[in-house]
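Letters A, B, ... mirror the listed sequences (proteins, then strands); counts begin at 1.
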Amino acid sequence: DAGITQSPRHKVTETGTPVTLRCHQTENHRYMYWYRQDPGHGLRLIHYSYGVKDTDKGEVSDGYSVSRSKTEDFLLTLESATSSQTSVYFCAISTGTGQETQYFGPGTRLLVL
Amino acid sequence: AQSVTQPDIHITVSEGASLELRCNYSYGATPYLFWYVQSPGQGLQLLLKYFSGDTLVQGIKGFEAEFKRSQSSFNLRKPSVHWSDAAEYFCAVGYLTGGGNKLTFGTGTQLKVEL
């Protein structure tokens with residue numbers, strides 16, 4: 001299994017509270033991704049990073065920001081959590097070398113009350 | 001824009017029976033195609049992938065998938081299902097952008113296995 005950890009694994013928070021989720025990898029892969037998974041929607045890309053300090057938006061980026069100050073860490077921040085951001089969040093990594101595969105972390109289950 | 005359709009939301013099969021999960025994609029160029037499996041409370045595990053070459057690809061756990069360009073399909077098959085195969089299965093199409101190999105996922109098929 002790819003060396004990907006996510007923290008926390010579960011979180012309950014209140015509307016309006018800032019929340020930061022962390023993805024940590026030990027594979028030294030260049031690309032990192034944040035997805036959210038919701039019933040009936042599959043997985044949707046929130047943001048991704050193609051290197052340290054290099055990030056870009058995905059399909060559902062509104063209300064989220066990201067940062068990557070080190071190769072191994074990719075942070076997802078909800079500046080002011082809303083109930084619509086209740087979801088399961090997955091981090092993924094890939095080498096970025098062309099015909100590549102994304103490998104996924106175990107996920108973080110977030111409940112916004 | 002690319003898209004993936006998994007027309008079956010739920011499928012129930014008996015243990016030992018054959019399985020086929022359908023996946024249709026829409027993409028203007030040659031796609032990269034993937035099947036992932038997700039057990040309850042777990043992350044996604046790669047079952048198999050197609051980049052080019054032989055259109056019949058073998059994966060882990062006895063699964064295979066066939067790429068049919070004319071039908072824009074990448075159906076997943078297994079000749080004999082085991083109870084442990086009960087999970088949710090996701091098909092995805094990959095495409096290269098400046099941000100690496102992005103994936104667009106289908107909405108998933110939930111597989112139930114009856115003993």
Would you sort out whether B:Phe51 and A:Thr101 count as a side-chain contact (heavy atoms from CB on, under 4.5 Å), showing the intermediate values? CA-CA 10 Å; B:Phe51 289 132; A:Thr101 300; 4.2 Å; yes
A:Leu75 and A:Trp34: same hydrophobic cluster, using ILVMFWY side-chain contacts below 4.5 Å? no
Please say whether more than 12 non-hydrogen atoms of neighbouring residues, nucleotides or ligands are located less than 6.0 Å from CG in A:Leu113. yes
Spatial distance of atom CZ (B:Phe105) from atom NE2 (A:His41) [nearest 0.5 Å]: 15.5 Å
Close side-chain approach of A:Leu45 and B:Lys102, heavy atoms under 4.5 Å: yes
Atom pair CG/CZ of B:Leu103 and A:Phe104 - distance to nearest 0.5 Å: 6.0 Å
Would you say that more than 12 heavy atoms from the other residues, nucleotides or ligands in this model lie under 6.0 Å from the CD of A:Glu14, or not? no
Sort B:Gln38 into side chain, backbone, both or neither according to what part of it lies under 4.5 angstrom from a heavy atom of chain A. side chain
Identify whether A:Leu110 and A:Val66 are in the same connected component of the hydrophobic contact network (ILVMFWY, side-chain heavy atoms under 4.5 Å). yes
Examine B:Tyr32 and B:Trp35 and state if one hydrophobic cluster contains both, with Ile, Leu, Val, Met, Phe, Trp and Tyr joined whenever side-chain heavy atoms are less than 4.5 Å apart. no
Between B:Leu46 and chain A, which part of the residue has a heavy atom less than 4.5 Å away: side chain, backbone, both or neither? side chain
Pick one of side chain, backbone, both or neither for A:Arg9, based on which atoms fall under 4.5 Å of a heavy atom in chain B. side chain
Contact summary for A:Gln37 and B:Phe90, nearest pair of heavy atoms: NE2-CZ, 3.2 Å
hydrophobic_cluster_shared for B:Val37 and B:Val81, side chain cutoff 4.5 Å: yes
Which atoms of A:Leu43 come close to chain B, meaning under 4.5 Å heavy atom to heavy atom: side chain ones, backbone ones, both, or neither? both
Say whether B:Val93 and A:Tyr31 are linked into one hydrophobic cluster, either directly or through other cluster members, by side-chain heavy-atom distances under 4.5 angstrom. no
